[in-house]
Amino acid sequence: MTYDYDILFLGGGLNYAGAVTAAKAGLRTALVEKKMEHLGGTCLHNGCIPSKMYLQAAETVRASKKSHFSGSIRLDLAKLDEEKESMLSMATGAITRQCSDVELIKGEGVLIAPYTVRVDTRTVTAEKIVIGTGSHPFIPEGIVYDGDAVISSDEVLGMQELPEKIAVYGSGAIGLEMAAFFAAAGVETELIWRHDTLLKKAHPMISNQLKKQFEKLGVTLLPEHSIKTAQKREQGVHIVFEDGKEHSVPKLLVATGRRSNTDVIQTNEIEIGKRGIETDVHFETTLADHYAVGDCNGKIQLAHAARAEVLYVVRRILGKKPDTVMMDSVVKFIHTLPCSYAYVGKTRSQLQDEGIHYHESSVPLNGLPYPHIHDADLGMMAVYSDEENFIVGAELFAPQAEELIAIVAMAIAGEMDADLAKRTILAHPTFSESLEKCFLHL
Ligand SMILES: Cc1cc2nc3c(=O)[nH]c(=O)nc-3n(C[C@H](O)[C@H](O)[C@H](O)COP(=O)(O)OP(=O)(O)OC[C@H]3O[C@@H](n4cnc5c(N)ncnc54)[C@H](O)[C@@H]3O)c2cc1C
Ligand SMILES: NC(=O)c1ccc[n+]([C@@H]2O[C@H](COP(=O)([O-])OP(=O)(O)OC[C@H]3O[C@@H](n4cnc5c(N)ncnc54)[C@H](O)[C@@H]3O)[C@@H](O)[C@H]2O)c1
């Protein structure tokens, strides 16, 4: 059989990185994207980049409230949105230029048969197909999403003005980040979630400190509240909880997870599981030569994981024998203000669940001058080593913890033991010196 292309990428999120690599290596490459202006995907247009831009702006508002500043500043969301749009259009342009050797096909693609994709009225074939169609917000039954009063993160990142009050439902990555954003920006914020603690699987001290941080930000915490129904009424969103109690808020942001986009598969040979398109460790689906990467395979919903997966697939197709993507080595984080939570390798709860003997070295940040300057007195760091003294994981709660944890991520990837790590002398005054202290006491 002759194919139109050597490789076809279905979905233009992080898949674009794979397409650029494949084309550079000389493969006849096509990329199908339903919204070409959305090239770069959720991460660029309504995920990582805009959310971190908004958090950064809100952090400035939060920090300006310290007593040594006078006057008050207000976040102009319309201006921020304008700035965001111009940055995104620049970034999308840069990605489009990188794709100069890739045939970009605009339209909604459907895998109608092995090796065959239909895009609107056109049918194209390829010897290898990489599906990267992402995910969409999950709205629990009973909640009526309308994109105005009952919203998802997509609407937040296009808001033209801050609401007076908002309730955030869900205490995962989006719920916590968005609650931190609104509260820091001065919006009366409620965080509603169905469990009793925040970050149930995090180090108990971090989970406790995070709760205190939200209280300090002025967020009203409503744990153990499951929403049965929520719907826009004249006076706002009318919420009924499972226990029958009623509540009303002007806006409700639903952040209860994202589901893989799997409708694209219209051929029985590819299995779809509970979390997404089933794949093996090589991200190959149950149909040979067909791969699924990023959010749509339901493994880890993170941009850097999606990128690592697609690059692995392409390098393998090019015969380069890349190292398997180690899911534990992927840094995970939740950006709250002022401290973020980041972890890599095994967490304390994972080590305990798996019955692994471990040593923990933890350092609280309170009482230290540098964290105090950054309002990070609630912060803490914990590093874990195994019985053979190898560093196996870390959980950090500190400003920009997602940056700081790179040190531990590299130590784990490089299979560094605690004795080697102890040789490191990190700068003073920084947050990394507290990490140095963790290494010293391992
Ligand atoms: C608010 C928010 C904040 C986030 N923050 C972070 C963060 O800080 N760090 C981080 O690592 N991750 C973050 N994420 C997650 C991150 O955005 C995703 O994990 C990442 O975008 C997944 O990439 P992907 O390529 O799998 O999917 P996507 O980026 O969603 O790309 C899928 C693409 O496929 C297209 N598509 C879908 N179906 C079809 C079809 N049938 N035909 C053609 N095209 C199609 C879509 O239009 C889209 O462009 C965040 C997500 C959200 C929502
Ligand atoms: N900083 C980051 O890296 C970052 C930021 C934002 C989003 N993301 C990615 O986006 C994905 C989606 O984020 P998210 O916060 O929507 O999902 P999540 O999986 O992180 O959290 C979902 C929350 O909703 C709750 N929940 C699930 N089903 C529910 C239901 N039926 N009723 C009530 N509560 C329910 C869960 O208990 C959990 O607290 C994450 O998996 C994450 O990987 C990452």
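Numbers here are sequence positions counted from 1. Each ligand, and each atom within it, is numbered from 1 in the order the structure gives.
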Please indicate whether any nitrogen or oxygen in N46 is less than 3.5 Å from any nitrogen or oxygen in ligand 1. no

Examine ligand 2 and decide if any of its atoms is less than 4.0 Å from a heavy atom belonging to F333. yes

Is there at least one pair of N or O atoms, one from F138 and one from ligand 2, spaced under 3.5 Å apart? no

Heavy atom of G107, distance to ligand 1 below 4.0 Å: yes

Parallel, tilted or perpendicular, judged at 30° and 60°: which one describes the rings of H45 and H38? parallel

So which of G298, G172, A303 gets nearest to atom 38 (C) of ligand 2, if we judge by its closest heavy atom? G172

If you measure every N or O of E177 against every N or O of ligand 1, does any of those distances drop under 3.5 Å? no

Under 3.5 Å, is there a donor-acceptor pair between the side chain of D120 and the main chain of R122? no

Please work out which of S152, G134, G294 has its closest non-hydrogen atom nearest to atom 27 (O) of ligand 1. G134

Run the salt-bridge test on D375 and R62 with the 4.0 Å N-O cut-off and return the result as yes or no. yes

Between H335 and E402, is there a side-chain donor-acceptor contact under 3.5 Å, judged purely by atom types and distance? yes

Give the atom numbers and elements of ligand 2 that come within less than 4.0 Å of a heavy atom of A255. 16 (O), 22 (C), 23 (C), 24 (O)

Side chain, backbone, both or neither: which part of S153 has a heavy atom under 4.0 Å from ligand 1? side chain

Within a distance under 4.0 Å of any heavy atom of R258, pick out the atoms of ligand 2 and give their elements. 12 (C)

Could you pull out, from G41, G47, G40, A303, the option with a heavy atom nearest to atom 16 (C) of ligand 1? A303

Look at atom CD of E284 and say whether more than 12 heavy atoms of other residues, nucleotides or ligands are closer to it than 6.0 Å. yes

Donor-acceptor pair, side chain of H136 and main chain of R259, under 3.5 angstrom: yes

Please work out whether any backbone atom (N, CA, C, O) or any side-chain heavy atom from C-beta onward of R258 is under 4.0 Å from ligand 1, and answer side chain, backbone, both or neither. side chain

Pair F333 and Y343, ring centroids less than 6.0 Å apart: no

Out of S260, C48, A17, the nearest non-hydrogen contact to atom 7 (C) of ligand 1 is supplied by C48

Check: Y370 ring centre within less than 6.0 Å of F431 ring centre: yes

Quick one: do the E190 and H247 side chains pair a donor with an acceptor below 3.5 Å? yes

For ligand 1, find out whether one of its N or O atoms is nearer than 3.5 Å to an N or O atom of G109. yes

N/O separation below 3.5 Å, E108 to ligand 1: no

Please check if the side chain of E103 supplies one atom and the backbone of A30 the other of a donor-acceptor pair under 3.5 Å. no

Closest heavy-atom approach to atom 8 (N) of ligand 2 among S152, P140, A173 is made by A173

Give me the nearest non-hydrogen protein atom to atom 37 (C) of ligand 1 as residue plus atom name, then the distance to 0.1 Å. T133 O, 3.3 Å

If you take the centroid of each ring, where Trp contributes its six-membered ring, are F181 and Y54 closer together than 6.0 Å? yes

Report the nearest protein non-hydrogen atom to atom 26 (O) of ligand 1: residue, atom name, distance rounded to 0.1 Å. D295 N, 2.9 Å

For L302, is at least one N or O under 3.5 Å away from an N or O on ligand 1? yes

Given L302, V331, L198, which has its nearest heavy atom closest to atom 44 (C) of ligand 2? L302

Below 3.5 Å, N or O to N or O, backbone or side chain included: is there any such pair between L10 and ligand 1? no

So is E402 close enough to ligand 1, meaning a heavy atom under 4.0 angstrom away? no

Is the closest heavy atom of D263 to ligand 1 under 4.0 Å? no

Check whether the side chains of Y291 and E309 place a donor and an acceptor atom closer than 3.5 Å, and report yes or no. no

Using a 4.0 Å cutoff against the non-hydrogen atoms of Y169, which atoms of ligand 2 qualify? 32 (N), 33 (C)

Between H335 and ligand 1, which part of the residue brings a heavy atom under 4.0 Å of the ligand: side chain, backbone, both or neither? neither

Between S51 and ligand 1, which part of the residue brings a heavy atom under 4.0 Å of the ligand: side chain, backbone, both or neither? side chain

Any donor-acceptor pair under 3.5 Å from H203 side chain to M205 backbone: yes

Starting from atom 11 (C) of ligand 2, which protein heavy atom do you reach first, and at what distance in Å? Q301 OE1, 3.2 Å

Taking only non-hydrogen atoms of G257 and a 4.0 Å limit, the atoms of ligand 2 in range are 14 (P), 16 (O), 17 (O), 22 (C)

I need the nearest protein heavy-atom contact for atom 48 (C) of ligand 1: residue, atom name and distance, please. E33 OE1, 3.5 Å

Could you tell me how the ring of Y3 sits relative to the ring of Y115: parallel (under 30°), tilted (30 to 60°) or perpendicular (over 60°)? tilted

